[in-house]
Amino acid sequence: MTSEPRDYRDTLFLPKTDFPMRAGLPKAEPKWIAFWEEQKLYTTLREQSEGRPTYTLHDGPPYANGHIHMGTALNKILKDLINRSHQMLGHDANYVPGWDCHGLPIEWKVEEEFRAKGKSKDDVAPAEFRARCRDYAKQWVDVQSEEFQRLGVVGDWDNPYLTMRFESEARICHELLKIAESGQLYRGSKPIMWSPVEQTALAEAEVEYKDRKVSQIYVRFPVNLSGLNENDFDYAISYAKTNHPNSENLQDFVASRERDKKYVNASVVIWTTTPWTIPANRAVSYSTDIRYGLYEITDLEAVEFDLGQSVGDRLIVADDLWEIVSKASFIRASKRIQDVTAEDLEQMVLSHPLRDMPGANGTYHFPVPLLAGDHVTAEAGTGFVHTAPSHGEDDFNVWMSNGDKLASLGIDPAVPMTMDDKGCYTDVMPKRFQGLDVIRTSGKKRGQDGKANGEVIKALVETGNLLARAPMTLRDAHSWRSKAPVIRRATPQWFISMSKTGLRDTALAEIDKTTFWPDRGRNRIGTMVKDRPDWLISRQRSWGVPITLIVGPKGELHTDRDDADAINARILEAVREHGVDGWFDTPLQDLMPDDNDDWAKVTDILDVWFDSGCTHAFCLKERDDLPDRADLYMEGSDQHRGWFQSSLLESCAVYGEAPYDGILTHGFVVDAKGLKMSKSLGNVMSPLELTQKYGADIVRLWVASSDVTEEIRISDEVIKTNTDSYRKLRNTLRYMIGALDGYDDSEAIAPEDMPALERWVLHRLWELGSEHEAMVRNHDHRTIFSKLFNFCTNDLSAFYFDIRKDALYCDPLDSTRRRACRTVMNAIFERLTTWLAPILCFTMEEVWQQLRPGASVHLETFRDCPDAWRDDALDAHMATVRMARDAVNEAIEPLRRDKVIKSSLEAAVIAAGPDLSRSLSALGIDVADRYADPADPSDTLADYLIVSKAEIGQVVSVSDLKDTKARKCLRSWKYFEGEGEITPRDAAAIGEPKAA
RNA sequence: AGGCCGGUAGCUCAGCUGGUUAGAGCGCGCCCCUGAUAAGGGCGAGGUCGGAAGUUCAAGUCUUCUUCGGCCUACCA
C-alpha cells in the first residue's frame, strides 16, 4: 500500500514578512524624507531632547556656488553620522547647517551675467550688483540644501545660517570693530597683483600666464667701502700694527681690513627682467646655500658702444652662473680671486646703483643691505636677487623678516609706495622718474611697455652700473580680462596683528587644549599658526562685508575717538537694517555727525575667511538654541589653513579662546588609483548620480566603511562592494523581521532561563554595546560598521540563525528555546536597528516601521546592554564548540563534493577537539541524539553541528545516514531512529500523537 | 621647492609598545541547499606588507634613501 507522503510544510512556523528583499532605494528614500517631514522629525528631536546635555557639531559653511560634489557629500554625511550618533547616545545634538555666501567666485559669475547682457561692472550700480550677488548665492543655497537633504542629512534646514544674512553681516562688522578697539588692527602695505589697465587688484585666479617680451638687465651694486681704496686699507693696517701692537682687537681689526681690501672696486651683480623696479630697490638677497666667487675682469670684448665695466673691475657672482654672466657682459677673460663667504656677505653693505645718478639729489644715499633668503636659487640670474619690497611678495617677505638687521643699519623698514594706481611712479621717486608709466594704460599701445623701463636703463647707463641688457621672453602674469600685463605693487592693506596683544600665543595655547582627530592635526595647525604672518583681511572687491572703519586725516581710526560707541551703534544699525549696502550707502555725516572733516569711510571689504571665521559669533553665540562654543568642528584637512584657523584667530582675538573643544579632519575623495578627481582626468563621480542609481544609503555606507582620516577612494568597484554589504545587512534584518512575526513581550524568556546559545548572543551584544559608545565618541564609524557587519555575517547569519532555523521552524511554538530565540532576536533587532540608524538612516527607518510602526527610529536612543549579559566563560566554551564545528564542516566537505552527502543533515559525525566535552557540559549541550522532552527540547551537539547525529571521539569523521535504519523526518528533514514519519519533537509541535 | 600625511590580498579595512606558517569581510572559484530563495550554508585559491639599503638573534612594525599619491604653502627675480 503506497500513499503520497504527507507534506508537512504547512505545519512549519516559517518566517513571515512582506518586507521586500530588494530595497529600491532611489524610489523609497524620498518617501521616507516625506515621512520625516510629516513627523516634523527635526522639531520633535529638539523638543524631545530638551534639557539633555548638548552636543554641538558646528557646520563649516560650504561655498554657495554650484552643485554638491563627492567631497561635500562625504563631509555632510560624516557630520550626519556624528550628529545622529550623539543624539541617540542621549545628547541634544542640534545641527544648524550654514553657507558661505560672499566672495570672488560669485562676484565673477555675476559679472559674467552682466557681461552677457552687454554691461560691464562699471555700468551697474554697486547696490544692484550686490543685490544680484545675493540672489545668486541664495539660489545655490536652496539647491544645495535640497541635495544635502536628499542624502538624509538631518538639521535645521528651514533656518540655516548664512554669512550674507543682514544679522550675520552686522555681527561680522561688530567683531571687526571689537578687534579694532582692542588695538590688534593696523593699516600696513603689501605688494599685490595689480592691473594698471583696469586699475584694480587681482586675485591669483584672475591672472593667466603667457609669454611676454621683456628687457633683462644685469646691474651691479658697488660694495660700499665709504670710498676707501687699497692704499687706505694698507695704511690703516700698518698704522694699527705700529701704534696699537698690544691691542686685544688688533687681530680682528686687521682681518676685517684685509677682507674689505679685497672688495675695493667690487660689485655684487643682480639680474632682473623688471628694470622699472630698480628705483624701488632697497636690498639684495642671497642664499646661504650658494657658493659665490669674487671675479676680476682681465679682458673685455671690443664693442661699438660704451661699456660700464672695465678691466680690473671685480664682480661677485654665484660660481655656477659666472660663465653665463661673463658671457652676457662681454667679458672675454677673468680670474677668480677668492671665495665670497656667507659671513662676508652678511657683513657687506652695498650702494644703490642709482646713487650717483644725475638728478637723484641724494634720494639713493641709503645703505643697501644683503639679506639671506630661501627664495634665492642658482638656477638663473646671478645668485643674487634684487629686492624691491614694494614690488614682489618674496622681496616683501625677506624685507619684513629682517627687521633686526635693518634696524642695526639704521634703515627705515617702512615699505615705500613707489607706484600709483595707474602704474606710474609717485613723488617719492626722484623728479626724472615721477609720473613715468610701466605699462601703457590707454590708446593703441595699451598693455605695451611704458616709459619707466627705458628711463631706468638710461639712468643705469649714466651711472655705469648696467653690465648688460638683452631682450628675452618669459611667462608672466596677465589680466585675464584685459590681457594686459600685471604688475606687483604695494598698496595699503588692513592687518590683524599676530603679536600686538599676543594673539599668536593665545592661539597656540588654545591649540594645546583642543582635542584633535587624528592627533597629527594639532601639529599641522600649530606649525602654521606659529609661522604665519599677520592676517591680511582687506580686499579691494565688491561682494563682501565692508571694513566698517572711518579713518581720520592722520590715519587714525574712529574706534579711538571718544564718540566711538555712538558711531559704532549707527554703523551696526545701518548694516542690520540694510545689509552691507547700509555701510556703502549711508553718508559719512550720518554715521559721524561731528568733527568729520577729512575723515573717510574705508571702501575695502573683508577677506571671506574673516566672514567664516565669525560663524561661531553670529551662529553659535547669537542663536538661543545653541551653546556659545562648539564641541566639534569637522572639515577636510585643507581647513587647517582655512576655517579652523580663521575661526581660531578671530575667536582668540575677540574672546581670548578657541570656539571649539575638538577638531576632526577628513581626507579628500580620490579615484580608484588614488588620484584626485578632476574634469580633465574624467574620473569625477557625482553623489547625486549615485543616489539616483543606488540610493543615498549606499553612499552613506561608503562613508561609514571608509577610513576618512586618509584619502578616501571611490570607484564603481567600491560602490559595488558597499551594495553587496548593504544587501547582506538588509537580508539579516529581513530574516529577523520574519522570525519575529507576531512577537509579543509576553513570550519573553528571562536570560537565566535561556539556552547557552541565546546567552552567548546576549554576551556578544554586550560586547558590541560596551565598545559602541567609545567608538561613537571617538568618531570611529568605520569600526562600528565593520564590527556590526561581521556580527551579522559571522555570528548571526552563518552561526546563530543557521543553527536556530530548526528550532524556529520546527519546535513547538511555546518551547523554551524557540521563545528564547525570539526574545533574543527582538533584543538584537532593537540594538542593530538603532546602531545602524545613523548610517543607514533610510533603511533602518523602513526596518523599524515593520515591527514598531509609528514614531521614527531616529527618535530612539541606543539600547542598554546590561553587564549581566556578560559571560566570558560561556564565550570561551562557545569558541571551543565553534572550532569543533569548523572541523566537522571541513570533514563533511569532501563527502559533499563526491556527492555522497548533500545536506549536512544526512550526516552522522564524530566531533573532536580539545576540551570539547568539558565545554559542552558547561554549556548544557547534550550529546544524546534525541530530546529528553520532545515538547520542550533542549540543545544537542547535533543541533550545533546541523547534522542528524553527533558523538564525541578522538578523530573527526563523517558517515552517511541515508542507507542506515535511520529515516528522514518529513517535517524537520532530520534523520532519526524510531517509528513514524516525523520525530517526537515534530509530533509534539503539531500536536499530533506519534503517527503509527 | 618646503611642511604634514599615506602606500598591507582584486576591493574596503585589522595588525598595540619589533617575536610563532600576515588577519577579517566582500569579491572570485568549486560545492550544497531550495522551508531567508533575485536569498542561505560549506570549502578553497589569492599578499616577496610600494622599492632599496641598514639596525637587530628577529622588521609589515625602527632608521635612511627612493618612488607613487593626497592636502597645504611657495616659486618662476
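Protein chains get the first letters and strands the later ones, always in sequence-line order, with residue 1 at the start of each. Only heavy atoms go into these numbers, but all of them, side chains included; no hydrogens, no water, no symmetry mates.
For the pairing with Phe799(A), the side-chain contact (heavy atoms from CB on, under 4.5 Å) check across Asp795(A), Leu796(A), Ile803(A) returns one residue only, Ile803(A).
Nucleotide rG54(B): paired with rC62(B) (Watson-Crick or G-U wobble, both distances less than 3.5 Å). rA74(B) is unpaired under the Watson-Crick or G-U wobble criterion, no partner having all donor-acceptor distances under 3.5 Å. The partner of rU21(B) cannot be assigned: no Watson-Crick or G-U wobble pair with both contacts below 3.5 Å exists in any strand. The nucleotide rU37(B) finds no pairing partner, because no Watson-Crick or G-U wobble arrangement with both distances shorter than 3.5 Å includes it. Look at rG10(B): its Watson-Crick or wobble partner, with both distances under 3.5 angstrom, is rC26(B).
Contacts of Arg971(A) with the nucleic acid, taken as non-hydrogen atoms under 4.0 Å apart, include base atoms. Backbone-only contact: Ser706(A) has heavy atoms under 4.0 Å from sugar-phosphate atoms and none from a base. Note on Phe789(A): only backbone sugar-phosphate atoms sit closer than 4.0 angstrom, heavy atoms only; bases stay farther off. Counting any heavy atom pair closer than 4.0 Å across all strands shown, Ser725(A) reaches no nucleic acid atom. Using a 4.0 Å heavy-atom distance criterion, Trp702(A) is classed as making no nucleic acid contact.
The aromatic rings of Tyr292(A) and Tyr286(A) sit perpendicular, their planes meeting at an angle over 60°, well past the 30° parallel limit.
Per the geometry, CD1 belonging to Ile892(A) stands 22 Å off P belonging to rC30(B), to the nearest Å. Look at CG on Leu701(A): it is 17 Å from P on rG25(B), rounded to the nearest Å. Distance, Tyr944(A) OH to rG41(B) P: 18 Å, rounded to whole Å. Note: CZ (Arg9(A)) to P (rU34(B)) measures 12 Å, nearest angstrom. Residue Leu729(A) contributes atom CG, which lies 15 Å from atom P of rG25(B) at whole-angstrom precision. At whole-Å resolution of the value, CG in Asp707(A) and P in rU12(B) are 11 Å apart. Across the protein-nucleic acid pair, Arg897(A) atom CZ and rG42(B) atom C1' stand 9 Å apart, rounded to whole Å. Here the P atom of nucleotide rG41(B) and the CZ atom of Phe799(A) are 13 Å apart, to the nearest Å.
Within the 3.5 Å criterion, the main-chain N or O of Phe19(A) finds a donor-acceptor partner in the side chain of Arg734(A). Of the possible donor and acceptor atoms, one in the side chain of Asn683(A) sits under 3.5 Å from a partner among the backbone N and O of Lys676(A). Thr527(A) contributes a side-chain N or O that, together with a main-chain N or O of Arg524(A), makes up a donor-acceptor pair within less than 3.5 Å. Here the side chain of Glu906(A) pairs no donor or acceptor atom with the backbone of Leu961(A) at under 3.5 angstrom.
An aromatic stacking contact between Tyr809(A) and the base of rA36(B) is absent, as defined here by ring centres under 5.5 Å apart and ring planes under 30° from parallel.
In the set rG35(B), rG40(B), rG42(B), rG40(B) carries the atom at the smallest distance from any side-chain atom of Ser797(A). Checking rG42(B), rC33(B), rA36(B) against every side-chain atom of Lys902(A), the shortest atom distance belongs to rC33(B). When distances are taken from the side chain of Asp724(A) to each of rC72(B), rC26(B), rA36(B), the shortest belongs to rC26(B).
Taking 90° from 0 as the syn/anti boundary, the base of rG7(B) is oriented anti.
The base of rA36(B) is not paired with the side chain of Thr732(A) by any donor and acceptor separated by under 3.5 Å.
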List every contact pair, protein side and nucleotides 37-39 of chain B side both N or O, where the distance is under 3.5 Å.
residue : atom : partner   : partner atom : Å
rU37(B) : OP1  : Arg734(A) : NH1          : 2.5
rA38(B) : N1   : Arg22(A)  : NH1          : 2.9
rA38(B) : N3   : Arg22(A)  : NH1          : 3.4

**Report entry** Base-contact (B) and sugar-phosphate-only (S) positions in nucleotides 4-11 of chain B, heavy-atom cut-off under 4.0 Å, - elsewhere
**Finding:** SSS---SS
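A side-chain donor-acceptor contact under 3.5 Å links Arg730(A) and Tyr726(A).
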